[in-house]
Amino acid sequence: MAGDDGTIYIYSSESGDITRMLINNNNRSGSVNKLVLVKDDYLCAAYADRSIKIWSLQRYEVLHILRDHHEDIEVHYFFFLLVVLDNFN
């Protein structure tokens, strides 16, 4: 789940409590439009400013920021990122 300020909240599936918050340090990014979990290790977040942040769920930090997309970001785009992430590791 994500807030209007771009903060992403990670909840425990057992207790329902918030276990982590991924803080968006760039307030200009705006709200999160889409979230996609990739391979249980990465979370891809598409922001209102048309940027995509790839978060590590091991280190809880941003690994990459993709900027300046001129078209709407669709979920199938994130699956393309699997190739990028596989090559990154």
- Identify which one of V62, I10, V32, T7 satisfies the side chain to side chain contact (heavy atoms under 4.5 Å, CB included) criterion when paired with L22. I10

- Nearest heavy-atom contact between Q58 and D40 is NE2-O, 4.4 Å

- Would you check if L43 and L35 make a side-chain contact, meaning some heavy-atom pair closer than 4.5 Å? yes

- Message: In the structure I gave you, are the side-chain heavy atoms of L63 and Y42 within less than 4.5 Å of one another anywhere?
- Response: yes

Distance from [X] atom [atom1] to [Y] atom [atom2], nearest 0.5 Å?
X	Y	atom1	atom2	answer
E61	K53	CD	NZ	13.0 Å
D41	R59	CG	CZ	11.0 Å
S12	R20	OG	CZ	13.0 Å
I8	Y47	CD1	OH	4.0 Å
C44	I54	SG	CD1	5.0 Å

